[in-house]
Amino acid sequence: MKSFVSSQKEHAVVLGGSFAGLMTAKVLSSRYQQVTIVEKDVVHRYPESRKGQPHTKHLHGLLPRGFQILCSYFPGFLEEIVASGGIVADFGDSMNWFAYGGFKKKVFMGLKAVSLSRPLLEHVVRERVLSLPNVRLLDNAAVKALLTSDDKQRVTGVVAENKQTTMLTADLVVDCTGRASRTPQ
(Lines give C-alpha, C1' and ligand atoms only; values in the text may rest on other atoms or scores of the structure.)
Protein backbone atom coordinates (compact mmCIF):
# COMPACT_ATOMS: atom_id res chain seq x y z
CA MET A 1 0.00 0.00 0.00
CA LYS A 2 1.29 3.44 -0.95
CA SER A 3 1.45 6.22 1.58
CA PHE A 4 0.44 9.59 0.18
CA VAL A 5 1.36 11.66 3.22
CA SER A 6 4.82 13.17 3.14
CA SER A 7 6.99 12.55 6.17
CA GLN A 8 8.59 16.00 5.78
CA LYS A 9 5.75 17.92 7.43
CA GLU A 10 7.06 21.26 6.22
CA HIS A 11 3.93 22.89 4.78
CA ALA A 12 0.21 22.23 5.10
CA VAL A 13 -2.43 24.13 3.12
CA VAL A 14 -5.97 24.47 4.45
CA LEU A 15 -8.66 25.41 1.94
CA GLY A 16 -11.35 27.51 3.65
CA GLY A 17 -11.00 29.97 6.50
CA SER A 18 -14.27 29.46 8.33
CA PHE A 19 -14.51 27.69 11.66
CA ALA A 20 -13.54 24.22 10.35
CA GLY A 21 -10.55 25.61 8.47
CA LEU A 22 -9.38 27.66 11.42
CA MET A 23 -9.55 24.71 13.80
CA THR A 24 -7.80 22.48 11.25
CA ALA A 25 -5.02 25.07 10.93
CA LYS A 26 -4.70 25.21 14.73
CA VAL A 27 -4.27 21.44 14.99
CA LEU A 28 -1.85 21.27 12.03
CA SER A 29 0.24 24.15 13.42
CA SER A 30 1.73 21.83 16.02
CA ARG A 31 2.75 19.29 13.35
CA TYR A 32 3.86 21.40 10.39
CA GLN A 33 6.51 24.09 10.08
CA GLN A 34 4.14 26.31 8.07
CA VAL A 35 0.35 26.30 7.66
CA THR A 36 -1.36 28.44 5.04
CA ILE A 37 -5.11 29.05 5.08
CA VAL A 38 -6.54 29.93 1.66
CA GLU A 39 -9.88 31.75 1.94
CA LYS A 40 -11.97 32.98 -1.00
CA ASP A 41 -13.57 35.89 0.89
CA VAL A 42 -11.88 39.06 2.06
CA VAL A 43 -11.25 38.66 5.78
CA HIS A 44 -11.13 41.64 8.09
CA ARG A 45 -9.72 41.52 11.59
CA TYR A 46 -13.07 42.21 13.30
CA PRO A 47 -16.33 40.24 13.68
CA GLU A 48 -18.38 40.40 10.48
CA SER A 49 -20.72 38.31 8.38
CA ARG A 50 -19.02 37.19 5.19
CA LYS A 51 -20.70 35.97 2.01
CA GLY A 52 -19.39 32.42 2.34
CA GLN A 53 -20.06 32.15 6.07
CA PRO A 54 -23.22 30.16 6.84
CA HIS A 55 -25.82 30.91 9.51
CA THR A 56 -24.55 34.36 10.44
CA LYS A 57 -27.92 35.90 11.20
CA HIS A 58 -28.93 33.75 14.15
CA LEU A 59 -27.61 32.96 17.59
CA HIS A 60 -25.05 30.17 17.90
CA GLY A 61 -24.51 27.93 20.88
CA LEU A 62 -21.35 26.16 21.87
CA LEU A 63 -22.29 22.96 23.65
CA PRO A 64 -20.28 22.03 26.75
CA ARG A 65 -17.80 19.61 25.16
CA GLY A 66 -17.07 21.88 22.20
CA PHE A 67 -16.56 24.78 24.59
CA GLN A 68 -14.20 22.67 26.73
CA ILE A 69 -12.16 21.75 23.65
CA LEU A 70 -11.88 25.37 22.55
CA CYS A 71 -10.79 26.38 26.06
CA SER A 72 -8.10 23.67 26.01
CA TYR A 73 -6.78 24.84 22.62
CA PHE A 74 -6.92 28.53 23.51
CA PRO A 75 -6.09 29.42 27.14
CA GLY A 76 -8.18 32.38 28.27
CA PHE A 77 -10.88 31.65 25.67
CA LEU A 78 -13.68 31.83 28.27
CA GLU A 79 -12.62 35.27 29.46
CA GLU A 80 -12.17 36.54 25.90
CA ILE A 81 -15.61 35.34 24.82
CA VAL A 82 -17.26 36.99 27.83
CA ALA A 83 -15.32 40.24 27.30
CA SER A 84 -16.44 40.21 23.64
CA GLY A 85 -20.13 39.81 24.52
CA GLY A 86 -20.63 36.05 24.56
CA ILE A 87 -22.99 34.71 27.22
CA VAL A 88 -21.76 31.81 29.34
CA ALA A 89 -24.31 29.92 31.42
CA ASP A 90 -25.06 26.48 32.82
CA PHE A 91 -26.14 24.11 30.04
CA GLY A 92 -29.13 22.71 31.90
CA ASP A 93 -30.24 25.56 34.12
CA SER A 94 -30.14 28.32 31.52
CA MET A 95 -32.14 26.72 28.70
CA ASN A 96 -35.78 26.00 28.13
CA TRP A 97 -36.12 22.44 26.82
CA PHE A 98 -39.37 21.72 24.99
CA ALA A 99 -40.02 18.07 24.17
CA TYR A 100 -43.05 15.81 23.86
CA GLY A 101 -45.51 18.68 24.15
CA GLY A 102 -44.11 20.45 27.19
CA PHE A 103 -41.22 22.27 28.82
CA LYS A 104 -38.85 20.17 30.92
CA LYS A 105 -37.73 21.09 34.39
CA LYS A 106 -34.51 23.10 34.53
CA VAL A 107 -31.63 21.25 36.14
CA PHE A 108 -28.25 22.64 37.17
CA MET A 109 -25.66 20.47 35.39
CA GLY A 110 -22.40 22.24 36.18
CA LEU A 111 -21.53 22.32 32.46
CA LYS A 112 -20.82 25.65 30.78
CA ALA A 113 -22.37 26.46 27.42
CA VAL A 114 -21.96 29.65 25.38
CA SER A 115 -24.33 31.74 23.27
CA LEU A 116 -22.79 34.09 20.73
CA SER A 117 -22.92 35.05 17.06
CA ARG A 118 -21.13 33.07 14.36
CA PRO A 119 -19.10 36.14 13.30
CA LEU A 120 -17.95 36.67 16.90
CA LEU A 121 -17.00 33.00 17.36
CA GLU A 122 -15.00 32.95 14.13
CA HIS A 123 -13.34 36.28 14.91
CA VAL A 124 -12.07 35.19 18.33
CA VAL A 125 -10.84 31.84 16.98
CA ARG A 126 -9.32 33.47 13.86
CA GLU A 127 -7.38 35.99 15.93
CA ARG A 128 -6.01 33.21 18.13
CA VAL A 129 -5.04 31.03 15.14
CA LEU A 130 -3.48 33.88 13.16
CA SER A 131 -1.40 34.87 16.18
CA LEU A 132 0.46 31.56 15.84
CA PRO A 133 3.88 32.27 14.32
CA ASN A 134 3.66 29.52 11.68
CA VAL A 135 0.12 30.19 10.41
CA ARG A 136 -0.66 32.66 7.65
CA LEU A 137 -3.85 33.63 5.85
CA LEU A 138 -4.15 34.15 2.10
CA ASP A 139 -7.58 35.75 1.78
CA ASN A 140 -9.54 36.97 -1.24
CA ALA A 141 -7.95 34.04 -3.07
CA ALA A 142 -9.67 31.50 -5.29
CA VAL A 143 -8.19 28.04 -5.63
CA LYS A 144 -7.88 27.50 -9.37
CA ALA A 145 -6.29 24.04 -9.45
CA LEU A 146 -4.72 21.29 -7.42
CA LEU A 147 -1.09 20.46 -8.04
CA THR A 148 -0.42 16.73 -8.30
CA SER A 149 2.46 14.31 -8.63
CA ASP A 150 3.39 13.21 -12.17
CA ASP A 151 1.39 9.99 -11.77
CA LYS A 152 -1.63 11.97 -10.45
CA GLN A 153 -1.74 9.83 -7.32
CA ARG A 154 -0.87 12.54 -4.81
CA VAL A 155 -1.92 16.15 -4.29
CA THR A 156 1.21 18.25 -3.86
CA GLY A 157 -0.25 21.72 -3.52
CA VAL A 158 -2.66 24.27 -4.97
CA VAL A 159 -2.73 27.14 -7.42
CA ALA A 160 -4.41 30.14 -5.80
CA GLU A 161 -5.29 33.42 -7.41
CA ASN A 162 -5.87 36.73 -5.68
CA LYS A 163 -4.04 39.76 -7.06
CA GLN A 164 -1.57 37.36 -8.60
CA THR A 165 -1.31 33.64 -9.22
CA THR A 166 0.45 31.80 -6.42
CA MET A 167 1.59 28.18 -6.46
CA LEU A 168 1.64 26.71 -2.97
CA THR A 169 3.42 23.38 -2.71
CA ALA A 170 2.43 21.35 0.32
CA ASP A 171 2.97 18.07 2.09
CA LEU A 172 -0.72 18.06 2.99
CA VAL A 173 -3.78 19.83 1.55
CA VAL A 174 -7.01 19.76 3.56
CA ASP A 175 -10.30 20.91 2.01
CA CYS A 176 -12.47 22.66 4.62
CA THR A 177 -14.60 24.58 2.13
CA GLY A 178 -17.77 22.69 3.02
CA ARG A 179 -20.65 21.92 0.74
CA ALA A 180 -19.45 24.44 -1.87
CA SER A 181 -16.21 22.51 -2.34
CA ARG A 182 -14.83 22.49 -5.86
CA THR A 183 -12.26 19.79 -5.08
CA PRO A 184 -14.20 16.97 -6.80
CA GLN A 185 -14.23 19.00 -10.03
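This is a predicted model, so every value here is computed, not measured.
- Interatomic distance, Glu10 CD to Leu172 CG, rounded to the nearest 0.5 Å: 13.0 Å.
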Please report the C-alpha distance between Arg45 and Glu127 in whole Å, then the side-chain angles of each, then the deciding distance to 0.1 Å, and finally whether the side-chain contact (heavy atoms from CB on, under 4.5 Å) criterion is met.
CA-CA 7 Å; Arg45 302 298 288 268; Glu127 290 303 305; 2.6 Å; yes
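- Contact record, Val27 with Ser30: O-OG, 3.0 Å, taken as the closest heavy-atom pair.
- Closest approach of Gly16 to Ile37, counting heavy atoms only: O-CG2, 3.6 Å.
- Inter-residue side-chain proximity for Leu121 and Leu70 is flagged as met; some heavy-atom pair is nearer than 4.5 Å.
- Counting only distance, with no hydrogens or angles, the side chain of Asn134 and the backbone of Tyr32 share a donor-acceptor pair below 3.5 Å.
- Here CG of Asp139 is found 9.5 Å from CG of Leu130. Values are rounded to the nearest 0.5 Å.
- Just one of Thr36, Leu146, Thr166 meets the side-chain contact (heavy atoms from CB on, under 4.5 Å) condition when paired with Val158; it is Leu146.
- For the atom pair CE of Met23 and CZ of Arg126, the computed distance is 13.5 Å after rounding to the nearest 0.5 Å.
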Quick one: side chains of residues 71-86, donor-acceptor pairs under 3.5 Å with protein atoms, not counting sequence neighbours, listed by atom name and distance.
{"from": "Ser72", "atom 1": "OG", "to": "Ile69", "atom 2": "O", "distance (Å)": "2.7"}
{"from": "Glu80", "atom 1": "OE1", "to": "Arg128", "atom 2": "NE", "distance (Å)": "2.8"}
{"from": "Glu80", "atom 1": "OE1", "to": "Arg128", "atom 2": "NH2", "distance (Å)": "2.9"}
{"from": "Ser84", "atom 1": "OG", "to": "Glu80", "atom 2": "O", "distance (Å)": "2.8"}

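- Two residues are said to be in side-chain contact when any heavy atoms from C-beta on lie closer than 4.5 Å; Gln34 and Arg136 meet this criterion.
- The side-chain heavy atoms of Val159 and Thr165, taken from C-beta on, include a pair separated by under 4.5 Å.
- At distances below 3.5 Å, at least one donor-acceptor pair connects side-chain atoms of Asp90 with backbone N or O atoms of Met109.
- With rounding to the nearest 0.5 angstrom, the OH atom of Tyr46 is 10.5 Å from the NE2 atom of His123.
- Hydrophobic clustering keeps Val125 apart from Val42 (ILVMFWY residues linked when any side-chain heavy atoms are closer than 4.5 Å, directly or through intermediates).
- Hydrophobic clustering (side-chain heavy atoms under 4.5 Å, transitive across Ile, Leu, Val, Met, Phe, Trp, Tyr) groups Val43 together with Leu132.
- Judged by distance alone, the side chain of Gln153 and the main-chain N or O of Ser149 form no donor-acceptor pair under 3.5 Å.
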Which is it for Gln164 and Asn162 under the side-chain contact (heavy atoms from CB on, under 4.5 Å) test, yes or no, and what are the steps along the way?
CA-CA 5 Å; Gln164 61 187 20; Asn162 55 1; 4.2 Å; yes
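- Evaluation of the ring-ring contact (aromatic ring centres under 6.0 Å, His included) rule for His11 yields no partner, not counting sequence neighbours.
- Side-chain contact between Arg118 and Ser18 is present, with at least one heavy-atom pair separated by less than 4.5 Å.
- In terms of hydrophobic clustering, with Ile, Leu, Val, Met, Phe, Trp and Tyr side chains grouped at heavy-atom distances under 4.5 Å, Leu147 and Val143 are assigned to different clusters.
- In this structure the side chain of Arg154 reaches within 4.5 angstrom of the side chain of Thr156, judged on heavy atoms.
- In this structure, CG on Leu63 lies 12.0 Å from CZ on Arg65, to the nearest 0.5 angstrom.
- For Tyr100, there are no ring-ring contact (aromatic ring centres under 6.0 Å, His included) partners at least two apart in sequence or on another chain.
- Considering Val129, Val14, Leu22, Leu28 as possible partners of Val135, the one that fulfils the side-chain contact (heavy atoms from CB on, under 4.5 Å) test is Val129.
- For the pair Glu39 (side chain) and Gly17 (backbone), a donor-acceptor distance under 3.5 Å is present.
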Let's go through Leu120 and His60 carefully: what are the C-alpha distance in whole Å and the side-chain angles of both, what is the deciding distance for side-chain contact (heavy atoms from CB on, under 4.5 Å) to 0.1 Å, and is it a yes or a no?
CA-CA 10 Å; Leu120 177 60; His60 272 58; over 6 Å; no
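- Here the CG atom belonging to Leu15 is positioned 7.5 Å from the SG atom belonging to Cys176, to the nearest 0.5 angstrom.
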